[in-house]
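Report on one structure; see the data block that follows.
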Amino acid sequence: MSFIQRTHDCGEIHAAHAGQTITLNGWAHRIRDLGGLFFVDMRDRTGLVQLFIDPATFSNLQEIRHEACLSVTGEVRMRSEVTRNPKMPTGDVEVFVTSYSVLSPAKTLPFPLSDEEQMANVNEELRVKHRYLDLRRPSMYRKLALRARAISKIRTYLEEEGFLEVETPIITKSTPEGARDYLVPYRLEPSKFYALPQSPQQYKQLLMVAGIERYFQIARCFRDESQRADRQPEFTQLDLEMSFVTQEDVLDLIEGMTRTVVNELIQEFGLAKERVEPFVRLTYDEAVLLYGCDKPDLRFGLPLFDATTAVENSGFGVFRSTVEAGGMIRGVRYPGGANLSRKEVGVLEEFAKEFGAKGLATLAVVDGSAEEVVYTSKSGLGVKGSIAKFFSPEEFEAILAVSSAEAGDLLCFIADGYAAGNNVLYRLRNEIGSRCGLRDPRVLKFCWVLDFPLVEWNEDEQRWDPTHHLFTSPKHEDLIYLDSDPGRIRADCYDIVCNGTEWASGSIRIHQPDVQARICELIGLSAEVAQERFGHMLEAFSYGAPPHGGIAPGIDRLIMLLTDDENIREVMAFPKVGNGYDPMMDAPSTIDAQQWAEMGLRLS
RNA sequence: GCGGGUGUAGCUCAGCGGUUAGAGCGCCGGCCUGUCACGCCGGAGGCCGCGGGUUCAAAUCCCGUCAUCCGCGCCA
């Protein structure tokens with residue numbers, strides 16, 4: 001069936017077109033039938049323009065229903081002063097329709113896609129099921145456009161830096177190290193399987209051995225792990241690797257790329273974000289000490305404090321016994337928290353308990369002249385609270401000093417081991433930051449976290465596990481701890497964190513077979529198993545592998561940061577729902593008997 | 001694997017032991033010549049997620065189950 005093709009786009013029509021006869025193709029976004037007057041807001045990918053249709057000229061206007069696909073021809077007319085709509089970019093004009101055709105009628109919609117306010121609450125599964133309708137919304141188009149432009153700018157930047165984009169296989173070998181693999185049965189030998197790549201990690205290192213020197217790819221990654229708001233079974237990373245570089249070279253390149261790309265996107269899309277500043281740098285140890293985690297939100301301060309020595313001999317049994325057991329008393333300030341009711345503090349304690357806290361001890365810091373104050377400090381601060389009775393004046397002074405407390409603060413203490421306590425405290429700090437309005441949505445605070453430990457002790461398995469992955473290079477000077485104190489070995493490993501979420505992770509890789517062999521041994525990978533799983537890597541490295549390193553920033557997460565979306569589904573065209581199911585395609589699905597037979601498979 | 005929330009009209013929700021289950025939006029019909037979230041009048045539309053139980057009586061209480069959302073474990 002033929003149709004009259006557009007001469008213009010809806011969103012571009014303006015006063016200069018007045019008098020012209022034009023044709024538009026698009027959808028009926030909103031319809032206002034006034035009896036003697038008929039208005040349609042027509043939408044295409046560029047925007048909206050109002051159609052004016054004279055009902056006297058057309059007999060069957062009820063066929064123009066919500067989201068019907070239309071071709072419309074008419075004359076662009078200026079609107080009179082009183083009928084202009086300043087809220088619309090095309091609001092100075094309208095199209096006086098002389099002919100139209102319904103290219104395709106539309107059934108009643110499953111959700112009100114022309115109403116952004118109502119769409120905010122619509123059932124997520126329904127939106128995913130009818131994704132082709134959800135994506136008609138201008139706000140969704142804009143996210144896809146932002147994503148496409150981000151990728152385009154990344155590509156441009158890296159190509160100018162001498163990078164080559166290389167595709168790597170989607171069906172490959174299972175290397176059961178990190179996440180669970182998605183598996184694909186191999187028809188020709190029924191006991192064998194391909195795996196979908198968790199990332200192109202090994203391929204990109206092999207590309208370095210191949211002499212590509214500067215590789216990147218907008219790479220799809222697959223991990224069969226349980227879902228979260230910011231995770232999907234398949235997601236996209238900017239995968240990147242460079243040869244003959246130090247850590248500093250990778251950091252410089254990525255920081256330059258990020259600031260260029262993000263600042264351009266902020267400008268191009270008019271995002272309500274401040275320009276990205278040079279990245280802050282923290283070591284892993286500093287980050288954990290100051291913020292309790294390796295992904296601190298640096299939009300605000302409130303560093304954790306350590307009150308262990310201040311209270312280790314106090315009359316408060318919980319604190320004393322924790323210290324005696326080798327634990328620590330660390331805490332965080334809650335500005336304004338001194339006003340919290342007992343019940344509200346209880347809510348905060350429940351929050352802490354969700355993350356494994358045994359309890360939450362608090363002291364309110366107020367003006368020294370306030371009521372119920374148990375102790376007034378030399379500087380005039382008053383302290384009160386249910387545990388205040390346990391401390392001596394010296395202990396109060398020490399607590400106030402280490403916490404840098406101010407009047408109005410609620411000091412929140414967690415008594416536990418360093419790691420377990422930090423796990424609670426960093427979440428508590430983020431919660432306090434949110435409550436106090438300190439997590440400014442206009443700010444993108446990027447920071448590098450450097451010098452991660454190479455390995456961490458796995459209590460369950462009683463062995464050392466790689467913190468990053470087994471090809472990560474130890475810092476040369478730390479190799480002396482390999483036998484005596486492996487936990488002390490730092491790696492040439494780096495993360496980019498933005499606003500409290502991990503955005504990118506990377507490292508300098510091991511390129512020397514003898515070092516790789518020692519690391520395999522350290523993490524309990526026997527030579528035989530290493531050969532079976534990674535023999536291709538070990539062999540490749542034996543043919544003159546260059547020193548190399550790389551990084552892999554998450555594309556989805558970058559877009560989420562730019563659009564302030566909390567859910568990764570919002571920045572993907574066709575996401576799955578929480579259990580990995582695709583309600584639109586109905587995938588995964590059963591296969592027919594012939595496919596079972598062909599694959600040599602049966603249910604156990 | 002675990003915890004919490006939500007399942008009632010096409011959508012968003014109210015109803016939380018007691019007449020015939022409601023509202024707003026949408027949909028259908030009527031009226032309306034300057035609307036732009038048009039307005040006004042009328043109407044249709046419900047296995048109250050599913051299964052079981054308690055009760056004279058269940059959308060409402062209990063048990064189970066399924067789906068979905070959020071989180072924990074997990075995610076080199």
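Because only heavy atoms are used, hydrogens play no part in the values below, and waters and symmetry mates are left out as well, while side chains stay in. So that the names make sense, note that chain A is the first sequence line, chain B the second, and so on, each numbered from 1. None of the values given here were measured: they were computed from a predicted structure.
For the pair A/Tyr581 and A/Thr467, nearest-nucleotide mapping onto RNA chain B gives the more 5' position to A/Tyr581. In terms of position on RNA chain B, the residue among A/Gln62 and A/Gln50 whose nearest nucleotide sits closer to the 5' end is A/Gln62.
Contact annotation for A/Arg127: no contact, since no heavy-atom pair falls under 4.0 Å across all strands. No engagement by A/Glu354 is indicated, since no non-hydrogen atom pair under 4.0 Å with the nucleic acid exists. Note on A/Asn579: only backbone sugar-phosphate atoms sit closer than 4.0 angstrom, heavy atoms only; bases stay farther off.
Nearest nucleotide to the side chain of A/Glu125, out of B/C74, B/A67, B/C70: B/A67. The side chain of A/Val577 has B/C69 as its nearest neighbour among B/C69, B/C75, B/U35. Nearest nucleotide to the A/Met88 side chain, out of B/C28, B/G34, B/C36: B/C36. Distances from the side chain of A/Glu94 to the nucleotides B/G34, B/C36, B/C75 place B/G34 closest. Between B/C69, B/G34, B/C32, one nucleotide has an atom nearer to the side chain of A/Asp33 than all others, and that is B/C32. The side chain of A/Glu225 has B/C74 as its nearest neighbour among B/A67, B/U35, B/C74. Closest to the side chain of A/Phe355, from the set B/C36, B/U33, B/C72, is B/C72.
Contact check on A/Lys129 versus A/Glu125 returns no salt bridge, with no Lys/Arg side-chain nitrogen under 4.0 Å from an Asp/Glu carboxylate oxygen. The pair A/Asp297-A/Arg439 meets the salt-bridge criterion, since a charged nitrogen lies less than 4.0 angstrom from a carboxylate oxygen.
Figure legend. B/U33 is base-paired to no nucleotide; pairs are counted as Watson-Crick or G-U wobble with both atom distances under 3.5 Å. With a cut-off of 3.5 Å on both pairing distances, B/G46 has no Watson-Crick or G-U wobble partner at all.
B/G17 and B/U12 have their C1' atoms separated by 27 Å, with the value rounded to a whole Å. For the C1' atoms, the distance from B/C47 to B/G39 is 38 Å, rounded to whole Å. Across the C1' atoms, B/U8 and B/G34 are found 40 Å apart, a figure rounded to whole Å. Taking atom P on both B/G43 and B/U65, the two are 45 Å apart, rounded to the nearest angstrom. Comparing the C1' positions of B/U55 and B/C63 gives an interatomic distance of 16 Å, to the nearest angstrom. The same atom, P, is picked in B/C2 and in B/G64; the two are 13 Å apart, to the nearest Å. As rounded to the nearest Å, B/U19 and B/G71 have P atoms that lie 40 Å from one another. Across the P atoms, B/G30 and B/A67 are found 45 Å apart, a figure rounded to whole Å.
Taking the six-membered ring for Trp and the full ring otherwise, A/His511 and A/His548 have centroids separated by 6.0 Å or more. Taking the six-membered ring for Trp and the full ring otherwise, the centers of A/Phe58 and A/Tyr100 sit less than 6.0 Å from each other. For A/Phe52 and A/Phe96, the ring centers are positioned less than 6.0 Å apart. Ring-centre distance between A/Phe534 and A/Phe471: below the 6.0 Å cut-off.
Side-chain contact between A/Lys295 and A/Asp495 is absent, with no heavy-atom pair separated by less than 4.5 Å. Using a 4.5 Å heavy-atom threshold, the side chains of A/Val515 and A/Pro474 count as touching.
When rounded to the nearest whole Å, the span between CG of A/Asp41 and P of B/G34 equals 17 Å. A/His29 places its NE2 atom 10 Å from the P atom of B/A37, with the value rounded to the nearest Å.
Within the 4.0 Å cut-off from OP1 or OP2 of B/G39, not a single side-chain nitrogen or oxygen of A/Arg32 is found. Residue A/Arg427 places at least one side-chain N or O closer than 4.0 Å to OP1 or OP2 of B/C72.
Note: A/His8 and A/His17 have perpendicular aromatic rings, judged against thresholds of 30 and 60 degrees for the angle between ring planes.
Donor-acceptor pairing under 3.5 Å, judged by distance alone, is present between the side chain of A/Arg79 and the base of B/C36. You'll find a donor-acceptor pair under 3.5 Å spanning the side chain of A/Arg231 and the base of B/C75, going by distance alone.
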Seminar exercise, completed: Under a 4.0 Å heavy-atom criterion, the protein footprint on nucleotides 6-12 of chain B, written with B, S and -, is ----SSS

